[in-house]
Participant: 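So that we are looking at the same thing, I have put the structure below in structure tokens.
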Number of protein chains: 2
Amino acid sequence: MAIQKSSAPTIIDVAERAGVSRATASRAMGGYGRIAESTVELVRKAAAELGYRPNEVARAMRQGRTRTIGLVIVADFTNAFFDRATKAIVDAAKARGYQVLITNTDEDIAAERQAIETLVDKQVDGLIVVPSTSAVHDHLASIQTSGKPLVLIDRRVDGIIATSVTTDDFSGTEAAVRHAHAMGHRRFGFLIAAEGKYGHSSERPALLISTVEDRINGFLSGCADLGIKARQQSWMFCEDNPRDSDQAVAKLLDQPKAPSVILTSNNDMALALLKTAGNRRLAIGKDISLITVDDSQWAAAMAPGITVVARPVESLGAIAVEKLLAEIDAPGQKAEKIVLPTELIARGSVANLVMYPENEPENY
Amino acid sequence: MAIQKSSAPTIIDVAERAGVSRATASRAMGGYGRIAESTVELVRKAAAELGYRPNEVARAMRQGRTRTIGLVIVADFTNAFFDRATKAIVDAAKARGYQVLITNTDEDIAAERQAIETLVDKQVDGLIVVPSTSAVHDHLASIQTSGKPLVLIDRRVDGIIATSVTTDDFSGTEAAVRHAHAMGHRRFGFLIAAEGKYGHSSERPALLISTVEDRINGFLSGCADLGIKARQQSWMFCEDNPRDSDQAVAKLLDQPKAPSVILTSNNDMALALLKTAGNRRLAIGKDISLITVDDSQWAAAMAPGITVVARPVESLGAIAVEKLLAEIDAPGQKAEKIVLPTELIARGSVANLVMYPENEPENY
DNA sequence: AAGATTTGTGAGAACGTTCTCGCAAATCTC
DNA sequence: GAGATTTGCGAGAACGTTCTCACAAATCTT
């Protein structure tokens, strides 16, 4: 009986058993360089008998590449972004032989910095980042200084030259306004999730992430195109927590001339609206209308279904991986700004005021 | 002006600049062994000037540990497990200085095998696995053979000795039945998501994952305790896809004596019920009652809120990490079967039949 | 059949760390 | 102040691969 080795067999053990040199065994296993087919067989057999598995850390060390990409993402559940994007990225990477090291920043710039540092130290071959803010980018630049490819997703960051994959939220909210207008709505509310320490307010914060900026600009552009005046619009910015969002909804609804339709900038806000509306016995799609950004299973399953601006999150992730791997395989690609189209999915949460002439909006 | 090195500085560069040996520089940076405080200062300064960052791959190679754990998980979104568990695990790991390599199996045993193999090859220090089936476990055993600690979460696997962290779904569904009974319900339906290739059926599949087994047994136990007879119960098993789940819901509702309350084994099934009920203009919590396993933001926000059996998914993940790291730090820990309590959260989706004597269930 | 080329293999360096060991200098002991 | 101990540091091996180079044997060329 053979003596059991306590630790895992290495290529040296395989080489010995096959009666060849370390280099030859490595070539046989790795399938590179010149090597006789008969030798390959021999080495394979020895490897199988020993249960040999190559040590990927040693391999990474020698080859200077880990076949691992780093993902720095904001883990916000309800927006159905974190999970959908993560799955898409993990699956796309796997299909190309890469694994994913995942880190969560919780929208915190310090955590983002640290996550990036750690991933670079771990020698990932490239990074996909959902930046937590558009304002700071020295840490992103430092990724590039370190020579690692970088792809930004979901949010743009000005001041840095890197490939980014985002969605056309401007057109999305514009389409939402257009849709509500076509259904006869003339008073628009907008409930906007925003980071910060100011609770909730109707005052536009100085600094917003690019998706939120786009959604606001799309809203304003849609209103302008349709001749909707400022006094027909109202909005609230608020932190993404239950207390503030509930109060923000209340403030929107309790205005003298309350909006008939409310857009929400993400699913948290939509849920806040749903909750407050429920408490007030306001029926969605009847007493109050709703359109939100980001589709979800529950938005489709509810009665009535929620009308949404759907964003192609899976494509976002898959394309990001594709672009990142392209840069890894052949450094020096041109940085691209890829913008994916959004889609308005009309369900039942927007009341059709046109059908009921008695509800026709007053002169505005 | 100094000559720019093209690649990242190594400890050798630091040593040279500080005028000490490689070993001393390493000691200074790593903070181990005997070393003079003045030398540490010197080396730190040199490292800072060069922008030196230790190569974690080389370090892992030498130390035989990567400070990385592998996560093998089933990415099913709607059950709010994948995202919540992943975030909890990533955050708990980070707090202890570990990173997470994530892989998705999509409930596929072949993918699970391959994922495990890859992660072991990448020399993760331990694995957390959500097993896709209870039937096969040789690949899990092979993790242990390789000497890597293993913690199972969410689902039990018989035939393998490993620490597992699960939730008490038996008591959860039992409590759900009890709650509905207390509200006056006497006809119970159960819509159960199950893996397989049989579409939907009222016949109990031979093999189910442990969570589903527990939920069924809890349902049956609750019924038995309350004296609910077999003819007052009906169930459907079905694959987790829209077509089958819709048909399964229809079959439950179209029985001669349809159930007044339906339990669903996960959120997908709950959404299927919601959708069909909406199409039929059945009001939840009035015309048809619903309790589902797993809480979610939308279940809380809807009007009426959905009554749920909430599972402590974050704790599940955090405890799994804790146990795994304990085993990594000190191998030879005793395998534990940790079962976390579930909680019934009553909202408005279960009609109170007791309040309306005229609705009192007929003699049964 | 002699030179040119191709093929298959092995020896040894290299990747960037950490660890073990040995040794000289500094400090302690009485 | 001589021996014992402690302190600080450097040389070199080690982790498990892959890669470069050299070289002998086999095959091709004309």
Side-chain angles (χ1 to χ4, degrees), chain A residues 5-44 46-47 50-68 118 120-125 146-147, chain B residues 5-44 46-47 50-68 118 120-125 146-147:
Chain A
K5 281 201 60 172
S6 57
S7 56
T10 71
I11 194 76
I12 298 181
D13 301 316
V14 174
E16 274 174 9
R17 178 170 257 260
V20 298
S21 73
R22 215 163 67 260
T24 301
S26 182
R27 270 189 284 255
M29 295 306 295
Y32 64 92
R34 287 196 206 294
I35 186 144
E37 189 52 43
S38 56
T39 312
V40 172
E41 293 293 319
L42 199 68
V43 173
R44 284 227 183 101
L50 290 171
Y52 168 76
R53 305 244 75 215
N55 181 324
E56 291 295 333
V57 170
R59 194 174 228 175
M61 164 88 162
R62 175 67 239 227
Q63 299 188 328
R65 106 194 111 108
T66 53
R67 293 213 171 275
T68 303
T118 306
V120 171
D121 289 353
K122 289 226 168 184
Q123 310 294 120
V124 294
D125 295 339
S146 80
Chain B
K5 280 202 57 172
S6 57
S7 56
T10 70
I11 193 76
I12 297 182
D13 300 317
V14 175
E16 272 172 11
R17 177 170 258 258
V20 298
S21 73
R22 216 163 65 258
T24 301
S26 182
R27 271 189 283 256
M29 295 307 294
Y32 64 93
R34 287 195 206 294
I35 186 145
E37 189 53 41
S38 56
T39 312
V40 172
E41 293 293 319
L42 200 67
V43 172
R44 284 226 184 102
L50 290 171
Y52 169 75
R53 305 244 76 215
N55 180 323
E56 290 296 332
V57 170
R59 195 174 228 174
M61 164 89 162
R62 175 69 240 228
Q63 299 188 326
R65 108 195 110 105
T66 52
R67 293 212 173 275
T68 303
T118 305
V120 171
D121 290 353
K122 289 226 168 186
Q123 309 296 120
V124 294
D125 295 339
S146 80

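In what follows, chains are A, B, ... by sequence order, proteins preceding strands, each numbered from 1.
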Participant: Run A/Tyr52 and A/Asp13 through side-chain contact (heavy atoms from CB on, under 4.5 Å) and show every step you take.
Facilitator: CA-CA 9 Å; A/Tyr52 168 76; A/Asp13 301 316; over 6 Å; no
Participant: Would you please name every residue forming a side chain to side chain donor-acceptor pair (under 3.5 Å) with A/Arg65, sequence neighbours left out?
Facilitator: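 Partners of A/Arg65 by the side chain to side chain donor-acceptor pair (under 3.5 Å) criterion, ordered by chain and then number, come out as A/Gln63.
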Participant: Under 3.5 Å between N/O atoms: give me all the protein pairs with nucleotides 24-27 of chain D, atom names plus distance.
Facilitator:
none

Participant: Side chains of A/Gln123 and B/Asn55, heavy atoms from C-beta outward: is any pair under 4.5 Å?
Facilitator: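 A side-chain contact under 4.5 Å exists here.
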Participant: Give one of base, sugar-phosphate or nothing for B/Val57, where a contact means two heavy atoms less than 4.0 Å apart.
Facilitator: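 Touches nothing.
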Participant: Could you work out, with side chain to side chain donor-acceptor pair (under 3.5 Å) as the rule, every residue matching B/Asp125, not counting sequence neighbours?
Facilitator: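 Once residues adjacent in sequence are excluded, the partners of B/Asp125 under the side chain to side chain donor-acceptor pair (under 3.5 Å) criterion are B/Thr66.
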Participant: Can you name the nearest heavy-atom pair linking B/Ala46 to B/Val14, along with the distance?
Facilitator: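 In terms of heavy atoms, the two residues are closest at CB-O, 3.9 Å.
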Participant: In whole angstrom, give the distance that lies between atom CD of A/Glu16 and atom C1' of C/dA11.
Facilitator: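 Result: 16 Å.
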Participant: Could you tell me which residues satisfy side chain to side chain donor-acceptor pair (under 3.5 Å) with B/Glu16, sequence neighbours excluded, listed by chain and number?
Facilitator: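 Partners of B/Glu16 under the side chain to side chain donor-acceptor pair (under 3.5 Å) test: none.
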Participant: Note down the inter-axis angle between the two ends of the helix from C/dA1-D/dT30 to C/dC30-D/dG1, five pairs each, to the nearest 10°.
Facilitator: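 Terminal axis comparison yields 20°.
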Participant: Rounded to the Å, how far apart are A/Arg34 CZ and C/dT5 C1'?
Facilitator: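 Those two atoms, CZ and C1', are 10 Å apart.
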Participant: Would one find a side-chain N or O of A/Thr24 under 4.0 angstrom from OP1 or OP2 of C/dG8?
Facilitator: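 It does not, given that no N or O in the side chain of A/Thr24 lies less than 4.0 Å from OP1 or OP2 of C/dG8.
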Participant: Any salt bridge (Lys or Arg N to Asp or Glu O under 4.0 Å) involving residues 52-63 of chain B? Give me the pairs, sequence neighbours left out, ordered by first then second residue.
Facilitator: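 For residues 52-63 of chain B: A/Glu117-B/Arg53, A/Asp121-B/Arg53, B/Glu56-B/Arg59.
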Participant: Between protein and nucleotides 17-24 of chain C, map the contacts as a letter string: B base, S sugar-phosphate only, - none, heavy atoms under 4.0 Å, written 5' to 3'.
Facilitator: BBBB----
Participant: As a test of reading the structure: which of C/dT9, D/dA11, D/dG16 is closest to the side chain of B/Ser21, going by heavy atoms?
Facilitator: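 Selected nucleotide: D/dA11.
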Participant: What is the distance from atom CZ of B/Arg17 to atom CG of B/Leu42, rounded to the nearest 0.5 Å?
Facilitator: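 Here the interatomic distance stands at 11.0 Å.
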Participant: Are any of the side-chain heavy atoms of B/Ile11 and B/Arg22 separated by less than 4.5 Å?
Facilitator: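 Answer yes - side chains close enough.
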Participant: Please, which pairs that meet side-chain hydrogen bond (donor to acceptor under 3.5 Å, both in side chains) have at least one residue in residues 27-43 of chain A, sequence neighbours excluded?
Facilitator: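 For residues 27-43 of chain A: A/Ser26-A/Tyr32.
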Participant: Over how many whole Å does the gap from A/Met61 atom CE to C/dA14 atom C1' extend?
Facilitator: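 Spelled out: CE on A/Met61 to C1' on C/dA14 is 9 Å.
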Participant: Decide yes or no for B/Val43 and B/Met29: does some side-chain heavy atom of the first lie under 4.5 Å from some side-chain heavy atom of the second?
Facilitator: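 A side-chain contact under 4.5 Å exists here.
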